[in-house]
Amino acid sequence: MPTVPTSSSSTLAGFAGDWHGQTGWSRKCLTELAEHGVQTIYHVGDFGLWPGNSGKWFLDQLHKTAHTHDQTLYVTLGNHDDYDRVQFFRTDDLGWQYLKNYPRFRFAPRGHTWTHGGPDNPAGARMASLGGAGSIDKNLRTEGIDWWAAEEIIPADVTALTTNTADRSWDRVDVLITHDAPTGLARRGFPTYPAWATLDVQQYCHEQRVRLRHGVDQVMPRTLIHGHWHEFHHDTLTGVSPAGADYTTDVWSLDRDGKTRNLITGHLHLDVGLTDVVVLRPELQPEPSYR
Ligand SMILES: [Fe+2]
């Protein structure tokens, strides 16, 4: 196994929205995070795991920057990520997947669970990931080139999430990182669709959000952080678990690359979730703390 970045027990972490393989912006984000003392970054997907020379350039350059700042990125894959690369993934001792030449990038299998700061961190927040999403522009894309069927959140992914959580005897997940937004959020929607978003594609995308919601209802995250919709929101989701337990989830939706609300920092706490959230603006000054 290549050099594995050391797990940090610091509660401070960065969270980044969709980057879409934009090298300049992504490097700027890592540098901004480094200036705020952030070495652990969780990415919500549409990261930039892309085929061809542009994909290799992105990974090469970003990995160099991460190495310079001694950072590790833990990536939840989105829909615009190359799932054909998954066959080349290796798996480390904690179940994270990685590519041999990019050990500072760790990719979460669907439903992956972990403790922030490593398994020996008794105060580490209980974390989980469920990537994937339906591409609403699926009709405009070509399979294997810029669309991959494995983007789909399938019931087995939700089962993996709930099984992994149960195996750890966690009653709740502190922070769940997803690419898509589950159904039931007040500030989520797509009021009008272009002609190429045919009804079958709308249904295909919606079903995945419903599946994601089933997973959320079962693991009852205290905090949920997602991307995909290219909008920044701070929302509250209330739900009821299959066992009848009421729960409340603090939800952060991150904007895309190039936008001022693509990047946040916060502190991760066991039995609490994410606190002290600060929005970073790589070209501007940080906004006041949200709480
Ligand atoms: Fe996406």
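Values in this document were obtained by computation on a predicted structure and should not be read as measured data. Whatever order the structure lists them in is the order used to number ligands and atoms, beginning at 1. Basis for what follows: all heavy atoms, side chains included, without hydrogens, waters or symmetry-related copies. Nothing fancy with the numbering, it's 1 onward along the sequence.
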Worksheet item: Looking at the Fe ion (ligand 1), is one of the N, O or S atoms of H179 less than 2.8 Å from it?
Response: yes
Discussion item. Between D92 and R106 (salt bridge meaning N to carboxylate O under 4.0 Å), is one present in this structure?
Written reply: yes
Practice prompt. Output yes when K64 and D60 qualify as a salt bridge under the 4.0 Å nitrogen-oxygen rule, no when they do not.
Written response: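 No, this pair does not count.
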Discussion item. Parallel, tilted or perpendicular: which one describes the rings of F232 and W252, with boundaries at 30° and 60°?
Written reply: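 Rings of F232 and W252: tilted, 30 to 60°.
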Worksheet item: With the Fe ion (ligand 1) at the apex, how many degrees lie between OD2 of D46 and OD1 of N79, rounded to 10 degrees?
Response: 90°
Item to complete: Could you verify whether a donor N or O on one side chain and an acceptor N or O on the other, from W57 and Q61, lie under 3.5 Å apart?
Response: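 The answer is no; no qualifying pair exists.
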Worksheet entry | H228, N/O/S atom nearest the Fe ion (ligand 1) |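 Checking each N, O and S atom of H228, the shortest distance to the Fe ion (ligand 1) belongs to ND1.
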